[in-house]
Amino acid sequence: MTDSPPWFPSLTTGGDAIAMVDGDRPVTYSELHDRVGCVTAGLLDGAESLEEERVAFLYPASPEYAALIIGIVAAGGIAVPLSVHASPAELAHCLSVAGSSRLLLPEVLRSDELSLVCNEYGISQLDISDLPEGRMPDTLPISAEQGALIVFTSGTTGKPKGVVHTVASVSAMVTSLIEAWGWQEDDVIPLFLPLHHVHGIVNILLCALWRGAAVHAYGRFDAERICEAVAENRFSVFMAVPTIYVKIIAYLKTLSDTDRERVTAGFAAMRLTVSGSAACPVSLFEEWQSFTSQRFLERYGMTELGMALSNPYVGVRRPGHVGQPLPGVVIKRVNEVGEEITDPTAPGELAVKSPTMFREYWGNPESTHNAFVDGWFLTGDIAVIDDGAYRILGRASIDIIKSGGYKLSALEIEATLLDHPQVREVAVIGLLDDEWGELVAAAVVTEGNIDAATVTDWCRQQMSAYKVPRRWLFADALPRNALGKVTKPALKSWFEG
Ligand code: MLC
Ligand code: AMP
């Protein structure tokens, strides 16, 4: 790997060290290097570069996933990891936005519905083992400004947008966190977060593999399985969303004193436990500390810009706060008309410049343009500064919901619900919830008889389970203002009532 920006140097230096453990299957760095080489050479198949071809893939957390995300970029392509839990309609949207012509997936994830989608868009489906055999080329065709990764994010405008990160921005995200959080070669981290978002992809998988540490892959979060591994002192670092820590604490409370102490001792022995992707309530911070003696390192980030704010690795970590800008990140806070706010106690929207910033929304120059003002990316998150530490107050838009760490667009869920033949009007909001942060709730005006169970079943065919409303309210009309717009704050009190 010469003449190109450094791209996973650990693959050539890691040798026999363990890169990943998948079930009982350990994979060393030199094995991963060979697998990446197969993907790179197999995709290139004699060509010099994929020239930003968007190669989509649908694999669970596994060495295959790791080989694909690293190998596609090494071949000059853009990796498009898709959610293994997405509905066919959601996959169709992502594949068409990305304009992919190849989708890699294992046999078990094939389905008739997905084949229909692929036929419609002219996409060939292949298993990683279908790629022609080959070895890592001596020189990689990658450049710093080349697109490397597309991750889909929900936005206020509705359908998910494809956020393009470059080789330079991915490298900046990874190297900055390795430095800031003291990643070491002997670190071991469990990976149970979904692999279509930056928390799982970048903060866990790519940081660990770049640094030469080990990742233990789990198909999904299972409190009992993860806690048993923690009790066996398998991990040195743990990263999750607040909902997962709530679930772990609930599980700990079901254990006998002896069993609970084994698990909490495992957590206490770790060098770092990180919370992020959604606000960590102070009560959760304190309960975690009382069980495990660990003070969370809470950080703030976003798909478009990676991690921006972080409590210190060494130093005081303040509950309810997300710390200071990471090295290289510049932040200002602005009011509704874009003027900088200098009073730290006055709420302002976070505007960011950073080497970790995305390049564009794929195929959507208008949204890309609108996301920036004078080169500053507007996050939509409102914050104050208390004694030098940022505190997130909430989001500027009521239409962005954070549930279990997933960012959801109320407008996207509403648009899908309006496709139901009996739904005439709908408004979706997030309701505060101790476990999920926010719960998706929908108020609907319907034609004819329809109940929550029926409409929930219908939703499950159309959207990922985590988007399906959990609370329903059937009404004759929705609360609207003089302009006819639904007054969502009023709707919240309907649900609370
Ligand atoms: C699962 N369910 C959810 C949900 N996740 N419902 C609402 N919101 C969610 N987030 C549904 C399941 O489909 C299931 O429905 C029911 O809830 C209970 O399932 P569970 O088994 O108890 O939950 P589980 O499936 O284990 O999922 C919980 C979770 C998951 C917390 C593990 O939500 C998760 O992995 N969240 C992390 C998301 C994430 O990585 N976000 C990072 C984005 S990047 P039923 O009816 O079938 O039982 C980002 C930037 C940054 O934000 O700063 O990091
Ligand atoms: P996503 O677009 O999925 O990457 O989600 C990014 C959003 O998650 C941010 O805009 C914030 O609203 C939210 N977020 C991430 N980390 C935190 C945190 N520590 N506290 C509060 N909100 C957070």
Side-chain angles (χ1 to χ4, degrees), residues 54 56 69 73 78-83 85-86 90 93-94 97-98 147-174 176-177 193-207 239-242 274-279 299-310 322 325-326 329 331 349-364 367-372 376-381 392 395-397 399-412 437-438 464 466-467:
R54 280 80 56 213
I69 198 164
V73 182
I78 302 184
V80 187
L82 298 174
S83 164
H85 302 297
E90 290 168 332
H93 170 75
C94 297
V97 168
L149 183 63
I150 291 183
V151 183
F152 285 86
T153 186
S154 297
T156 35
T157 48
K159 290 247 177 197
K161 298 192 284 264
V163 175
V164 181
H165 276 286
T166 60
V167 168
S169 68
V170 171
S171 307
M173 290 195 264
V174 167
S176 135
L177 292 185
L193 288 180
L195 278 179
H196 59 294
H197 285 303
V198 294
H199 195 161
I201 300 172
V202 177
N203 295 22
I204 299 178
L205 183 69
L206 299 187
C207 278
M239 294 188 194
V241 300
V274 179
S275 174
S277 299
R299 78 339 173 253
Y300 159 91
M302 198 171 175
T303 306
E304 285 87 338
L305 43 89
M307 299 304 110
L309 291 156
S310 171
V322 290
L326 283 156
V329 178
I331 297 196
E349 179 176 353
L350 296 174
V352 181
K353 285 186 182 181
S354 171
T356 58
M357 189 65 69
F358 76 125
R359 184 178 77 186
E360 62 181 318
Y361 296 114
W362 186 263
N364 195 341
S367 293
T368 309
H369 175 78
N370 293 341
F372 294 89
W376 293 88
F377 176 78
L378 293 176
T379 61
D381 291 306
I392 309 288
R395 284 173 297 280
S397 167
D399 289 323
I400 294 294
I401 301 170
K402 263 271 162 170
S403 183
Y406 282 112
K407 177 160 128 180
L408 310 175
S409 160
L411 304 188
E412 184 197 352
E438 285 179 298
S464 300
Y466 53 82
K467 296 181 188 170

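In what follows, residues are counted from 1 in the order of the sequence shown.
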Residue pair [X] / [Y]: nearest heavy atoms and the distance that separates them:
{"X": "Gly200", "Y": "Leu193", "result": "CA-CB, 4.1 Å"}
{"X": "Glu360", "Y": "Phe358", "result": "O-CD1, 3.3 Å"}
{"X": "Pro242", "Y": "Ala278", "result": "CG-O, 3.4 Å"}
{"X": "Gly162", "Y": "Val97", "result": "N-CG1, 4.4 Å"}
{"X": "Pro355", "Y": "Ala172", "result": "O-CB, 3.7 Å"}
{"X": "Ala148", "Y": "Val167", "result": "CB-N, 3.7 Å"}

Side chain proximity check, [X] to [Y], heavy atoms < 4.5 angstrom:
{"X": "Leu411", "Y": "Ser154", "answer": "no"}
{"X": "His196", "Y": "His85", "answer": "no"}
{"X": "Thr379", "Y": "Leu305", "answer": "yes"}
{"X": "Tyr361", "Y": "Val163", "answer": "yes"}
{"X": "Ile201", "Y": "Leu206", "answer": "yes"}

To the closest 0.5 Å, what do you measure between [atom1] ([X]) and [atom2] ([Y])?
{"X": "Met239", "Y": "Cys207", "atom1": "CE", "atom2": "SG", "answer": "6.5 Å"}
{"X": "Met173", "Y": "Asn203", "atom1": "CE", "atom2": "CG", "answer": "8.5 Å"}
{"X": "Asp381", "Y": "Glu349", "atom1": "CG", "atom2": "CD", "answer": "7.5 Å"}
{"X": "Lys467", "Y": "Ile401", "atom1": "NZ", "atom2": "CD1", "answer": "11.5 Å"}
{"X": "Glu304", "Y": "Arg359", "atom1": "CD", "atom2": "CZ", "answer": "14.5 Å"}
{"X": "His197", "Y": "Thr153", "atom1": "NE2", "atom2": "OG1", "answer": "7.0 Å"}

message: Walk me through whether Ser277 and Met302 qualify under side-chain contact (heavy atoms from CB on, under 4.5 Å).
response: CA-CA 8 Å; Ser277 299; Met302 198 171 175; over 6 Å; no
query: Taking only residues two or more places apart in sequence or in another chain, which ones pass ring-ring contact (aromatic ring centres under 6.0 Å, His included) with Tyr300?
result: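 Partners of Tyr300 under the ring-ring contact (aromatic ring centres under 6.0 Å, His included) test: none.
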task: State which residues pass ring-ring contact (aromatic ring centres under 6.0 Å, His included) with Tyr466; sequence neighbours excluded, sorted by chain then number.
output: Tyr406
query: Who passes side chain to side chain donor-acceptor pair (under 3.5 Å) against Arg54, sequence neighbours left out?
result: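 For Arg54 there are no side chain to side chain donor-acceptor pair (under 3.5 Å) partners, ignoring immediate neighbours.
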task: Please list, chain by chain and in numerical order, all residues satisfying side chain to side chain donor-acceptor pair (under 3.5 Å) with Ser275, sequence neighbours excluded.
output: none
query: Taking only residues two or more places apart in sequence, or in another chain, which ones meet Val329 in a side chain to side chain contact (heavy atoms under 4.5 Å, CB included)?
result: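 Once residues adjacent in sequence are excluded, the partners of Val329 under the side chain to side chain contact (heavy atoms under 4.5 Å, CB included) criterion are Ala308, Pro325, Leu326, Ile331, Val352, Ser354.
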query: Excluding sequence neighbours, so at least two apart, what forms side chain to side chain contact (heavy atoms under 4.5 Å, CB included) with Lys353?
result: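 Per chain and number, Lys353 pairs via side chain to side chain contact (heavy atoms under 4.5 Å, CB included) with Val330, Trp376.
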field: Check: Glu90/Ser464 side-chain N/O donor and acceptor closer than 3.5 Å
entry: yes
message: Ring-plane angle category for His93 and Phe152, please: parallel below 30°, perpendicular beyond 60°, tilted otherwise.
response: perpendicular
